[in-house]
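Each remark here refers to the structure printed beneath this line.
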Amino acid sequence: MPIYDLLIINGIVVTDKEIGEFDVAVKGEQILAVEPRGSFSTREAVKVIDAQGGYVMPGGVDAHVHLQEPPMFGKGSTADNYETGSRSAIAGGTTTIITFAPQRKHEPSLLTILAATHAKAANNCFTDYSFHLLVSNPTPTALAEFATLRREGISSLKIYMTYEALQLHDAQILDVLLEARKNGITTMVHAENGHVIEWMTRKLEEEEKFAPKWHGTSHPPMAEFEATYRAICLSEFIDTPILIVHVSSPVAVEHIRAAQKKGLPIFAETCPQYVFLTAADLDKPGFEGAKCVCAPPPREGVADHEGIWEGLKDGTFTVFSSDHCPFKYEDREMGKMSSITPEYPEGRFRYIPNGIAGIETRLPLAMSAERLELRRLVQVTSTDAAKLYGLYPRKGALLPGSDADVTVWYPPTGKDGSLAEFELKNEMLHHNVDYTPFEGKKLKQWPRWTILRGQVVWDREKGGLLGEKGYGKFIKRDRSCLTGSRGLGEWKIPE
Ligand code: DUC
Ligand code: ZN
């Protein structure tokens with residue numbers, strides 16, 4: 001009777017804390033042990049993966065994913081459903097995703113939304129998954145449901161300071177933060193000032209500026225850093241943790257860093273689009289710039305990217321997520337081209353659905369950039385996402401008893417330890433989108449194998465996608481293990 005169901009040997013194991021020559025033993029769906037190279041007998045294993053010197057990491061955790069959502073960010077609906085989005089994740093080395101269960105302004109109950117989102121995901125996922133509740137209508141009914149959400153394994157929610165369909169005013173934000181605090185829920189905040197964006201959009205339209213590139217102008221860094229600072233102040237007042245999502249501007253990073261230095265529980269996320277795309281990508285010929293319309297928009301250039309990399313290196317950012325929010329380019333009903341009408345043949349940026357695909361390219365881009373020390377890369381792409389959102393140590397770790405979720409990368413091929421470069425093309429990807437905003441980027445890495453709860457679900461050399469739709473399951477989450485109230489807020493909440 002074999003002792004191990006799977007052995008991963010000859011790899012360089014990288015976790016948030018360690019890097020070294022270790023072998024990984026898996027029994028059933030869990031990690032049994034991680035021991036120095038050569039510790040396990042391959043004759044005692046049902047299956048052996050020889051990593052041949054490649055990196056072996058905890059499977060990616062992508063905590064910012066929009067799938068199968070109705071129109072909310074402009075005209076269109078997201079192109080990926082739970083099947084195609086999670087399929088794409090697996091092929092890019094991500095084994096757990098947290099998507100959004102979106103409440104719209106006319107909907108009173110969050111529990112109804114949660115049930116509807118479960119129905120969309122059930123039996124359709126290639127990855128394990130959970131949901132953040134997206135709260136756009138914090139009525140007394142909705143707020144009273146937070147306690148039940150926690151019992152249902154939901155320990156985070158998201159709110160917006162922009163988008164007409166979703167925007168909360170400050171008193172509503174305080175309502176949400178207070179209830180979140182009482183229930184041990186972490187609040188994610190889309191921090192852009194929606195009134196500034198609407199004012200800018202109106203001014204640009206008065207000057208007949210409708211092309212995609214004006215989307216960037218309509219979302220100035222000021223709209224982001226004002227809202228970021230305001231969100232920090234509201235969080236400090238209620239004394240409860242928040243995470244600022246998809247930070248794009250170094251000035252917003254400065255506000256976050258200063259708040260963290262004060263000891264406030266302010267967490268932050270950034271995404272590949274803010275280190276790999278720039279405003280020039282919005283200014284491509286014709287309507288092409290629409291392919292990179294997302295919010296906040298890609299910023300001016302290298303100096304902005306450097307400010308974001310610095311925050312990733314020094315720990316200001318807790319997570320590096322994709323904000324996968326895919327819209328097809330050519331689709332005139334639901335995609336980017338839905339903003340083109342006979343009256344506006346070159347489109348109208350105000351109606352271009354905001355969002356880009358990136359669930360599959362997040363880890364390969366991060367690995368290929370070689371900008372982050374590898375333990376730090378594991379932290380921001382897996383371990384700290386799991387910690388922040390109450391999945392650790394089941395996810396984001398290679399500890400005995402953790403789920404055996406593993407990504408194995410290619411070993412160096414060159415004599416000097418280098419890797420061959422190749423060009424990213426949309427045809428390599430597994431999403432349901434007709435383009436990638438990162439087309440043509442030079443990559444050096446791609447996951448060789450992805451393993452989810454002990455099963456090889458991606459083998460790039462032999463069969464590609466091996467996982468089955470429906471193997472991915474809902475994971476109940478606990479409260480965050482990174483956040484906690486300092487109990488030092490200006491305003492003490494009556495018990
Ligand atoms: N930004 C995007 O680009 N898409 C979805 C939502 C968001 O905030
Ligand atoms: Zn957002």
Side-chain angles (χ1 to χ4, degrees), residues 62-80 85 97-104 131-136 156-168 173 186-194 196-198 212 215-216 218-219 223-224 227-228 231 242-249 252 267-277 279 281-282 289-299 317 319-329 334-336 338-339 349-359 361-362 431 433 435-438:
D62 192 344
H64 193 145
V65 178
H66 299 263
L67 297 178
Q68 225 167 318
E69 288 184 355
M72 292 185 297
F73 316 113
K75 258 180 157 180
S77 299
T78 43
D80 274 316
I97 59 175
I98 314 183
T99 64
F100 295 98
Q103 179 200 33
R104 281 170 300 167
F131 312 119
H132 311 285
L133 254 293
L134 194 170
V135 180
S136 69
S156 53
L157 54 85
K158 183 179 180 191
I159 56 172
Y160 283 79
M161 298 168 86
T162 183
Y163 293 118
E164 206 182 340
L166 302 168
Q167 185 171 346
L168 302 188
I173 295 175
T186 301
T187 304
M188 307 159 79
V189 184
H190 179 133
E192 284 187 291
N193 182 320
V196 170
I197 293 166
E198 179 51 35
H215 167 79
S218 70
H219 288 62
E224 185 182 8
T228 300
I242 57 168
L243 170 110
I244 310 284
V245 292
H246 47 50
V247 175
S248 71
S249 307
F267 298 86
E269 170 198 81
T270 192
C271 313
Q273 41 276 38
Y274 307 117
V275 286
F276 296 111
L277 300 178
D281 292 295
L282 291 171
K291 290 181 174 176
C292 295
V293 165
C294 57
R299 297 299 180 192
F317 287 111
V319 284
F320 184 72
S321 314
S322 66
D323 193 4
H324 181 79
C325 185
F327 299 96
K328 286 188 181 170
Y329 180 63
M334 292 297 178
K336 298 284 184 184
S338 62
S339 59
F349 74 83
R350 147 193 306 275
Y351 294 121
I352 299 173
N354 286 199
I356 59 176
I359 202 166
T361 46
R362 175 184 74 121
H431 56 200
V433 193
Y435 80 98
T436 164
F438 305 106

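First listed ligand is number 1; within each ligand, the first listed atom is number 1.
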Closest contact, heavy atoms only, Pro326 versus His66: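 Minimum heavy-atom contact is CD-O, 3.6 Å.
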Residue pair Ala295 / Tyr274: nearest heavy atoms and the distance that separates them: C-OH, 3.7 Å
Under 2.8 Å: N/O/S of His246 next to the Zn ion (ligand 2): yes
Intermediate values then yes/no, side-chain contact (heavy atoms from CB on, under 4.5 Å), His215 and Ile352: CA-CA 9 Å; His215 167 79; Ile352 299 173; 5.8 Å; no
Distance in Å, Cys325 SG paired with Ile359 CD1, rounded so as to fall on 0.5 Å steps: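 Answer rounded to 0.5 Å: 11.0 Å.
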Which N, O or S atom of His190 lies nearest to the Zn ion (ligand 2), by name: ND1
Arg362 side chain reached by His64 side chain, heavy atoms, under 4.5 Å: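 Sidechains of Arg362 and His64: no contact.
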pair Leu134-Tyr160: side-chain heavy atoms closer than 4.5 Å: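 The answer is yes, as the side chains (C-beta and beyond) meet within the 4.5 Å cut-off.
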Ring geometry between Phe100 and His132 (parallel below 30°, tilted from 30 to 60°, perpendicular above 60°):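 Rings of His132 and Phe100: tilted, as their planes differ by 30° to 60°.
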Close-range residues for ligand 1, whose non-hydrogen atoms fall below the 4.0 Å threshold: His66, Phe73, Tyr160, Tyr163, His190, His246, Cys294, Ala295, Asp323, Cys325, Asn354, Gly355
